[in-house]
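Shown next, in structure tokens, is the structure this report addresses.
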Amino acid sequence: MAIDTEFGWRGARRTLLVVEDNEINRMMLSAVLEEDFDVIEAEDGFEGLERLEAYSQDIALILLDIYMPRCDGFEFLRRKAVDPRFDTVPVIVTTAGGSIEDEIACLELGANDFVVKPYNFEIIKNRVNNLIRLRESAAIVNILTYDDETGLYNKDFFYHEVEEAFARRPDAQFDLVVGDVENLASLNDRYGEAKCVRLMRDIAGRLTELLPKCIARGRISTELCAFVLEHEERDWEEMLALDTDGLVVPNASVKFGVVENVDRGMPISKLCGLARSTAATIRGRYGVQVALFDDELHARQVLEQTIRESMESALGELQFSVYYQPKHDVHTQHVGGAEALVRWSHPTVGFISPGLFIPIFERNGFITQLDMYVWEQACKELARCREADLPCVPFSVNASRLDFDLPDLPQRFAAIADKYGVDHALLHVELTETAYADNPQRVIDTLHELKELGFSSELDDFGSGYSSLVSLNTLPLDVLKLDMSMVRKATELNDFRIVESTINLAQVLGLQTVVEGVETAEEARRVTEIGCDYIQGYYYSRPLCVEEFEQYLQRDCVSRASDEGEGR
Ligand code: C2E
Ligand code: CA
Ligand code: CA
């Protein structure tokens with residue numbers, strides 16, 4: 001389709017196709033039209049179709065004779081009409097004498113206009129100009145309205161239509177559905193762009209069938225389709241049961257976010273954002289297709305946004321602090337270490353749980369900056385303990401899987417420790433198996449480097465969901481931390497055999513063990529009996545702020561001295 005960037009008639013010369021068997025007529029027509037157009041000629045319908053095939057992108061209009069040998073004008077029109085590449089190219093039929101039946105037959109076959117022989121060239125030129133202008137304006141409207149891959153409205157027109165509908169119906173209530181085709185970018189890499197274009201078109205088609213009574217349907221980004229319907233009580237699960245069988249890409253999946261009774265005061269783009277993040281809450285969850293936006297989700301989204309917007313300044317304004325949870329050494333019966341755990345006290349929101357902000361920081365990458373900050377605070381605190389003559393126990397600091405993407409992680413850790421003159425043996429890095437799963441070799445290499453620099457490493461959350469013996473065998477670890485879910489389950493079943501075999505396995509591999517989440521005297525007794533080395537849990541202490549932690553160390557120091565006194 002030859003559309004100039006400059007909308008109007010004064011652009012580049014258009015190309016016409018003249019299909020006419022009479023040589024004199026053809027030459028006359030061409031000679032006149034060549035003043036304003038590029039002209040391609042054909043002697044009959046077949047040749048005309050060949051030219052159309054060869055120049056389909058360029059031809060702006062066809063002048064067609066009816067009576068020609070081999071393939072006449074009717075046959076030409078018939079064949080042109082069934083080919084979607086050509087069916088919008090306008091046709092002016094040239095008739096001699098003008099039979100009404102012929103004209104009707106041509107119109108039925110898709111011709112747009114007529115000129116009668118003998119030719120009046122002024123009339124022909126005007127009709128050609130008018131038709132081309134008309135067709136190109138329609139094409140531009142089409143481009144401004146539709147997404148050419150799916151046939152849905154494009155984003156801007158969809159937003160426009162929805163806002164118009166809201167304005168026209170001030171009392172009506174509307175529901176919004178956004179369908180998110182999962183992992184479209186990786187499907188694109190894997191199956192190629194052409195297949196993914198077809199996938200989106202087929203999905204849009206199937207969704208249009210599922211949601212027939214829409215106010216508007218639009219494609220609002222590469223992987224998102226949006227639908228606005230008048231509000232009704234609906235079973236969304238049933239309504240959005242999209243059949244993915246037979247799609248060009250196997251295992252394609254669509255997650256839906258639904259906002260019922262949308263807040264009409266909010267711009268439609270924002271509403272789509274809400275529906276989209278609602279859909280994102282079930283991303284990757286097998287068997288769940290639809291998520292409904294509700295107040296709780298809304299509150300969470302607002303909080304998540306606050307978290308994202310304030311994280312940078314929070315670091316500068318020292319809103320993050322580090323708490324220390326003591327680890328009880330089973331052999332000495334005294335404090336044998338502590339885990340550094342970050343806390344966020346937000347000026348307006350108040351206390352925010354790390355369970356909430358850490359996953360967000362892991363998604364946006366901020367976690368690495370925060371982990372460096374926690375590492376530095378831990379080093380500072382170790383230096384303070386040394387200066388205050390408190391017992392110096394090793395601190396374990398959490399490292400997110402993203403930290404392992406830093407090529408110089410060990411050197412950075414070392415530089416910070418050295419800045420505070422802290423013995424590297426007093427610093428342990430806690431990592432989870434997800435880090436290993438992401439990039440095994442990189443994690444192995446990094447742990448080796450950390451070891452060479454004198455740091456220890458602990459595998460955290462072992463036994464929580466995904467755990468593999470391969471990581472235990474291949475990672476150069478010093479400590480294994482049993483996830484608290486193992487103790488919870490053992491207590492519930494009154495069966496500690498899995499805890500016991502895990503600890504035995506760690507011992508065989510030469511690893512020390514920490515059992516996390518010990519909350520009762522009975523749990524402490526059972527895991528002590530089994531032979532773990534350290535216990536961390538509320539039974540001994542919750543995570544403590546710096547002052548409390550120092551007091552804890554102080555008390556431990558005193559009781560250690562009295563133990564030693566008694567022992568003497
Ligand atoms: P985690 O590394 O497994 O840390 C242990 C969590 O269990 C801590 O929660 C701790 O307060 C809690 N806990 C300790 N003993 C008990 C117990 O007896 N019972 C129960 N129910 N819970 C206990 P917290 O501080 O809320 O931290 C949650 C998670 O956030 C941590 O789990 C860790 O994955 C992450 N996290 C915390 N601080 C940091 C950090 O500085 N960097 C990174 N990357 N992650 C951190
Ligand atoms: Ca940890
Ligand atoms: Ca843990």
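Each ligand, and each atom within it, is numbered from 1 in the order the structure gives.
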Closest protein heavy atom (residue, atom, distance) for [atom]:
atom: atom 41 (O) of ligand 1; answer: V374 CG2, 3.5 Å
atom: atom 31 (C) of ligand 1; answer: L341 CD2, 4.3 Å
atom: atom 5 (C) of ligand 1; answer: E516 OE2, 3.3 Å
atom: atom 38 (N) of ligand 1; answer: V342 N, 3.2 Å
atom: atom 21 (N) of ligand 1; answer: E519 OE2, 3.1 Å
atom: atom 11 (O) of ligand 1; answer: P543 CG, 3.3 Å
atom: atom 45 (N) of ligand 1; answer: I358 CD1, 3.5 Å
atom: atom 29 (C) of ligand 1; answer: P354 CB, 4.8 Å

Is any side-chain heavy atom of [X] less than 4.5 Å from a side-chain heavy atom of [Y]?
X: L229; Y: R234; value: yes
X: C272; Y: Y159; value: yes
X: F227; Y: D175; value: no
X: T502; Y: T513; value: no
X: F462; Y: D483; value: no
X: H328; Y: Q333; value: yes

Item to complete: Answer with yes or no whether R542 contacts ligand 1, where contact means a heavy atom under 4.0 Å from a ligand atom.
Response: no
Out of curiosity, is K481 lining ligand 1, as in a heavy atom under 4.0 Å away? no
So, is [X] polar-close to ligand 1, with some N/O to N/O distance under 3.5 Å?
X: E339; answer: yes
X: Q325; answer: yes
X: R343; answer: yes

I'd like to know if [X] pairs up with [Y] as an ion pair, taking the criterion as any Lys NZ or Arg NE/NH1/NH2 lying under 4.0 Å from an Asp or Glu carboxylate oxygen.
X: E492; Y: R488; answer: no
X: E296; Y: R300; answer: no
X: R560; Y: E564; answer: no
X: R384; Y: E381; answer: yes
X: K270; Y: D263; answer: no

| task | Could you confirm whether D483 has any N/O/S atom lying under 3.0 Å from the Ca ion (ligand 3)? | result | no
Proximity winner for [atom], if only heavy atoms of [options] are counted:
atom: atom 42 (N) of ligand 1; options: L356, D371, V518, L370; answer: D371
atom: atom 18 (O) of ligand 1; options: Y538, F357, F361; answer: Y538
atom: atom 12 (C) of ligand 1; options: M484, M372, E458; answer: M484

Contact partition for [X] relative to ligand 1, non-hydrogen atoms under 4.0 Å:
X: Q536; result: neither
X: D403; result: neither
X: V397; result: neither

Sub-4.0 Å atoms of ligand 1 with respect to non-hydrogen atoms of [X]:
X: I367; value: 44 (N)
X: D461; value: 3 (O)
X: G537; value: 15 (N), 18 (O)

Any protein heavy atom lying closer than 4.0 Å to atom 7 (O) of ligand 1?
yes
Report task. Indicate whether atom 34 (O) of ligand 1 is within a distance of less than 4.0 angstrom of some protein heavy atom. Result -> no
Closest [X] atom to the Ca ion (ligand 2) [N, O or S only]:
X: D460; result: OD2
X: E339; result: OE2
X: E430; result: OE1

Under a 3.5 Å threshold, yes or no: a donor from one side chain and an acceptor from the other, between [X] and [Y]?
X: E376; Y: Y420; value: yes
X: E260; Y: Q173; value: no
X: N183; Y: S186; value: no

For E516, the N, O or S atom at the shortest distance from the Ca ion (ligand 3) is OE1
Closest to the Ca ion (ligand 3), among the N/O/S atoms of D461, is atom OD1
Determine whether the aromatic ring centres of W344 and F357 lie less than 6.0 Å apart. yes
side-chain hydrogen bond (donor to acceptor under 3.5 Å, both in side chains) test vs S396 passes for just one of E458, Q325, Q536, E339, namely E458
message = Can you tell me if, anywhere in T432, an N/O/S atom lies at a distance from the Ca ion (ligand 2) that is smaller than 3.0 Å?
response = no
Check your understanding: Quick one: is the NZ or CZ of R542 closer than 6.0 Å to the six-membered ring centre of Y538, and within 45° of its axis?
Key -> yes
>> Does R343 qualify as a cation-pi partner of Y323, given the criterion of NZ or CZ under 6.0 Å from the six-membered ring centre and within 45 degrees of its axis?
In response: yes
